[in-house]
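Accompanying notes for the structure given below.
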Amino acid sequence: MLGARILCFRCGAVLDRRSAPDARERAAAFTLAAIPLFVAAIALPLVRVDGMAGATSRVTVLGAAAALRGQGWPALALLVLLTGAILPALQIGSAAYLALRARAGVRPGSSTTWLLQLRAVIHPWAQIEILLGGLVVVLGKLASVLPVAPGAGLPCLAAALILEWAARPALEPRRLWEVSP
Amino acid sequence: MTDGAGATFGLGACSICGLVSRTAAGTERQACPRCGARLRLVDEHRSLARTTGLLAAAALLFIPANLLPVMTTSTLGRLHRDTILSGVAALWRTGAWPLSILVFAASLVVPALKLVVLGLLVVTARRRSTWRRHERARLYRLIERVGRWSMLDIFVMALLAALVRSPVAGVEIGAGAAVFAAVVVLTMLATTAFDPRLIWARPRPTARRRP
């Protein structure tokens, strides 16, 4: 049954979820598609303001981090760079590696364990959805005073997030040691 | 040392691949026989000490984080200082009230919730309390899930600082932003430092009264 979950009988936490029979195939496709989309989300402007004193102002994640550094807050810049770009990139990249390995039927090895440990540590710090929330707030905040518009990077970021989410059930750590999903 | 339920039978579950295996008593480092990850046994003292320290630091900084200006906006030479709360109020006044509720929840409710819940969890775990364990487990999962959202305002400030840069308008980040970011990072580290298995620790044997 799809959507079925196994709960811990003591504390009620979710231990495992049933995933679709072709979950591994789909996870591989989703994560591979997420890579170029995330690259585009980093490279393309996320928000732009047209006609500010005759010029167009655009912002990327890297630009936001650079602005913080420029104003004398290097630690804040590093935090934004890590949570908005580097760790999400690691999350998506490792997901693609694990999904492709599982799809090919390669037995999980020491690289799997190492990556899963890394993913568990970075999980709370990879914050694409929160960056997206921040972008929505910025659009709403400036809409009443400036001609602000979403940039081409914003839909790419949203799409990368949705694809990464969709691949998650097949990449549940204990899933990977099962012969078939 | 208090362990998970299986510890009574010399069993421990791997936190990475989920395999339950025998744990040998007395050995410090044990690896999961299937995936090779180090088995993470419950270390009551270490978990509580780390959580308490991080939490105390976060609680102290939470006050200046809300009092210091996080952002200074300049428009046509006029300066306007904003704290976290006045930023939410300004957003409310422009009519973007769903967004102002989102920012209020992420920047004030979520950090305050993390401080209160972790405080409660640390105090009850220290006493090995059996009081409302299910609810406490649920509270831990709640802050684990929503805790990261307090980063929202940091992203907003960074984007605004990069976006609003012209001869007539600008956004300058204030010290409050750095203190607020420290609160966010410290509360997230405190959440991971707390081992939720401590909620289920066996109560200490009560000293028997002599007849």
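This is a predicted model, so every value here is computed, not measured. Quick note on labels: first sequence line is chain A, next is B, and so on, each numbered from 1.
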- Query: Quick one: does A:V47's side chain get under 4.5 Å of B:L163's, heavy atoms only?
  - Reply: yes

When the 4.5 angstrom heavy-atom criterion is applied to B:A106 and chain A, the contacting part is neither

Of B:A182, B:G174, B:G147, the largest count of non-hydrogen pairs under 4.5 angstrom with chain A goes to B:G174

Bottom line for A:E129: the part with an atom under 4.5 Å from chain B's heavy atoms is both

For A:I130 and B:M151 the tightest heavy-atom approach is CG2-C, 4.0 Å

The reported gap from CZ in B:F180 to CG in A:L76 (rounded to nearest 0.5 angstrom) is 11.0 Å

Turns out that what part of B:V171 lies under 4.5 Å from chain A's heavy atoms comes down to backbone

(Q) Strictly distance-based, threshold 3.5 Å: is any side-chain N or O of B:W200 a donor or acceptor partner for the main-chain N or O of A:C11? (A) no

When the 4.5 angstrom heavy-atom criterion is applied to A:A65 and chain B, the contacting part is neither

Listed by number, the residues in residues 93-121 of chain A that come under 4.5 Å of chain B (heavy atom to heavy atom) are A:T113, A:L116, A:Q117

So, the part of B:A162 with a heavy atom under 4.5 Å from chain A: the answer is both

So, the part of A:L132 with a heavy atom under 4.5 Å from chain B: the answer is neither

Whatever's closer than 4.5 Å to a heavy atom in chain A on B:R133 counts as neither

Applying a strict 4.5 Å limit to non-hydrogen atoms, the region of B:I16 in contact with chain A is both

When the 4.5 angstrom heavy-atom criterion is applied to B:R34 and chain A, the contacting part is both

To the nearest 0.5 Å, atom CE of B:M188 lies from atom CD of A:Q127 at 5.0 Å

The reported gap from CD1 in B:I154 to OG1 in A:T83 (rounded to nearest 0.5 angstrom) is 9.0 Å

So, the part of B:E144 with a heavy atom under 4.5 Å from chain A: the answer is neither

When every non-hydrogen atom of A:G133 is compared with those of B:L152, the smallest separation belongs to C-CD1, 3.4 Å

